[in-house]
Peer 1: 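Next up is a structure, given as structure tokens.
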Number of protein chains: 2
Amino acid sequence: MARPPLARERVLDAYESMLIAEGERAATLDAVARIAGVSKGGLLYHFASKDDLAAAILRRLDALVEEDIERMSHAAEGRVAYYMRTSVMEDDALDRALIAASRLAQAGHPDAAEALRRVRAQWAETLRPAVRDETALQLVMLISDGLYYNNILDSADGAGPTTPKDGALAELIELVERTVS
Amino acid sequence: MARPPLARERVLDAYESMLIAEGERAATLDAVARIAGVSKGGLLYHFASKDDLAAAILRRLDALVEEDIERMSHAAEGRVAYYMRTSVMEDDALDRALIAASRLAQAGHPDAAEALRRVRAQWAETLRPAVRDETALQLVMLISDGLYYNNILDSADGAGPTTPKDGALAELIELVERTVS
DNA sequence: GTCTATATAGCGATAGAC
DNA sequence: GTCTATCGCTATATAGAC
């Protein structure tokens, strides 16, 4: 676990990139192997099947979410502001794993849908002490879901962001914080 | 246009159902034909290709959104309340077309992603006169997006809704209306 | 650990009978 | 307008050399 083979990580990154940029359909073993710079046989040495590849993405997601929950719990700006600010696309490791998992979920992978629901439940649990009541919690969760939904749509083709950024986002966060606390 | 062939509609409905319940991967011509109760040849008489099938879903979506915009414009409860109330899954024709289009978008179909962005822009235009400012508009749009995102996730497998319903939804709508108007 | 070559199956689409 | 039969391609996965 301490030093995973480099080729294995490269393959997983390539799979994730393909899922994000081209969708599940295009993320074939051939295409992933090509992007990762290995042969199909080489790929299948590290991941025995396509399902194995998907499972690895979901494990990566779980690990990144655990770190995120930890950071959110101790964020100086407060949990709500941290959560909303990090819900816009920054193309970091967690964003990418989330979008990849969403692609898998929508392609019909049941474990991916369950993983995403579990992640959402963890976030809700962490946010609950920081908001006034359940209605306020729903409001914050849904706005974050909305930001992710747009990230997911815009990552499909190379479209520019349709959601607020920078100044507009700061105003939105301010409005939400006034509403929920 | 006045009386489209019944078999054609059955095929389109079957395709939509497969997309929603099993994802784009599983919505093969064989599977769709089987659900619709026709042969693959029969299917391909009505829709020349799989792309043609996807395009028909997007045309259906456009027509249903046009009706929805019309209803929203004259809703007695107000545009914001109408919009939020109809953003939770009711399994009506519009919900189904939206989820199907979202599956196509995430499978890498570029026209689907563009269609969904266009729909979102139409909704924003209709809501704008009903809210205080752009930040408020963003808040309403994102909560609706969040509700759809959860619909989409929960439709993949047979999971129960994770978003507010009935009383909790009414409270959320009330909170949002206080915030944006 | 990575490669090439190949088996096997499923998919989209065509052809032609009825 | 709907069917059966079939073609050609591509995808996943295996076998075995290096």
Side-chain angles (χ1 to χ4, degrees), chain A residues 1-58 100 103-112, chain B residues 1-59 100-101 103-112:
Chain A
M1 263 309 192
R3 263 193 36 191
L6 282 171
R8 198 189 137 95
E9 285 298 298
R10 272 215 324 277
V11 167
L12 198 54
D13 289 344
Y15 180 55
E16 193 178 71
S17 295
M18 283 294 302
L19 283 176
I20 293 169
E22 313 263 355
E24 201 274 344
R25 197 94 191 261
T28 65
L29 297 184
D30 274 298
V32 171
R34 204 189 63 240
I35 303 286
V38 297
S39 71
K40 193 153 51 164
L43 186 160
L44 285 160
Y45 169 78
H46 294 289
F47 300 95
S49 71
K50 223 188 165 191
D51 255 43
D52 198 11
L53 215 38
I57 289 283
L58 298 183
R103 299 274 195 262
L104 291 172
Q106 296 233 21
H109 207 295
D111 293 352
Chain B
M1 261 312 192
R3 262 193 38 195
L6 282 171
R8 198 189 138 96
E9 285 298 298
R10 273 216 323 277
V11 167
L12 198 53
D13 289 344
Y15 181 55
E16 193 178 71
S17 295
M18 281 294 301
L19 283 175
I20 293 169
E22 313 262 356
E24 201 273 345
R25 196 94 191 260
T28 64
L29 297 184
D30 275 297
V32 170
R34 205 189 58 244
I35 303 287
V38 297
S39 68
K40 191 154 54 162
L43 186 160
L44 285 161
Y45 170 78
H46 293 290
F47 299 95
S49 70
K50 221 187 169 194
D51 255 42
D52 199 11
L53 215 39
I57 289 283
L58 298 183
R59 277 195 303 275
R103 299 274 195 263
L104 290 173
Q106 296 233 23
H109 206 296
D111 293 351

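A, B, ... follow the sequence lines: proteins, then strands. Residue 1 opens every chain. Note that this is a predicted model, so its numbers are computed, not measured.
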Peer 1: Taking all non-hydrogen atoms of both residues into account, name the closest pair between B/Leu19 and B/Glu24 and its distance.
Peer 2: CD2-CA, 3.7 Å
Peer 1: Enumerate the residues from residues 14-27 of chain A whose closest heavy atom to DNA chain D is under 4.0 Å, giving them by residue number; use none for an empty result.
Peer 2: none
Peer 1: What's the CG-P distance between A/Leu29 and D/dT10, to the nearest Å?
Peer 2: 15 Å
Peer 1: May I ask you to decide if A/His46's main-chain N or O and A/Arg8's side chain share a donor-acceptor pair within less than 3.5 Å?
Peer 2: yes
Peer 1: Restricting to non-hydrogen atoms, name the atom on B/Val38 and the atom on B/Leu43 that form the minimum distance, rounded to 0.1 Å.
Peer 2: CG2-N, 4.0 Å
Peer 1: Do any N or O atoms from the side chain of A/Arg103 and from the backbone of A/Ile20 form a donor-acceptor pair under 3.5 angstrom?
Peer 2: yes
Peer 1: Among residues 34-42 of chain A, which contact DNA chain D at a heavy-atom distance under 4.0 Å?
Peer 2: A/Lys40
Peer 1: Can a donor-acceptor pair be found, under 3.5 Å and without considering hydrogens, that links the side chain of A/Arg10 to the backbone of A/Ala36?
Peer 2: yes
Peer 1: Which heavy atom in A/Val32 sits nearest to a heavy atom in A/Val11, and how many Å separate them?
Peer 2: CG1-O, 3.7 Å
Peer 1: Taking atom P of C/dT14 as reference, at what distance in whole Å does atom CG of B/Leu43 sit?
Peer 2: 13 Å
Peer 1: To check you understand the geometry: which heavy-atom pair defines the closest contact between B/Ala112 and B/Ala105, and what is its length?
Peer 2: CB-N, 3.5 Å
Peer 1: If you take all heavy atoms of A/Met18 and A/Ala26, which pair is closest and at what distance?
Peer 2: CE-O, 3.1 Å
Peer 1: Just the rounded figure in Å: distance from P of D/dC3 to CG of B/Asp30.
Peer 2: 13 Å
Peer 1: Mind calculating the distance between NZ (B/Lys50) and C1' (D/dC9) to the nearest angstrom?
Peer 2: 15 Å
Peer 1: Heavy atoms from C-beta onward define the side chain here; which of C/dG12, D/dG1, D/dT12 lies closest to that of B/Tyr45?
Peer 2: D/dG1
Peer 1: What is the minimum heavy-atom distance between B/Leu104 and B/Tyr15, and which atoms define it?
Peer 2: CD2-OH, 3.3 Å
Peer 1: What is the distance, to the nearest angstrom, from the CG atom on A/Leu44 to the C1' atom on C/dT4?
Peer 2: 13 Å
Peer 1: NE2 of B/His46 versus C1' of D/dC3: gap in Å, rounded?
Peer 2: 12 Å
Peer 1: To the nearest Å, give me how far apart CG (A/Asp51) and C1' (D/dA11) are.
Peer 2: 14 Å
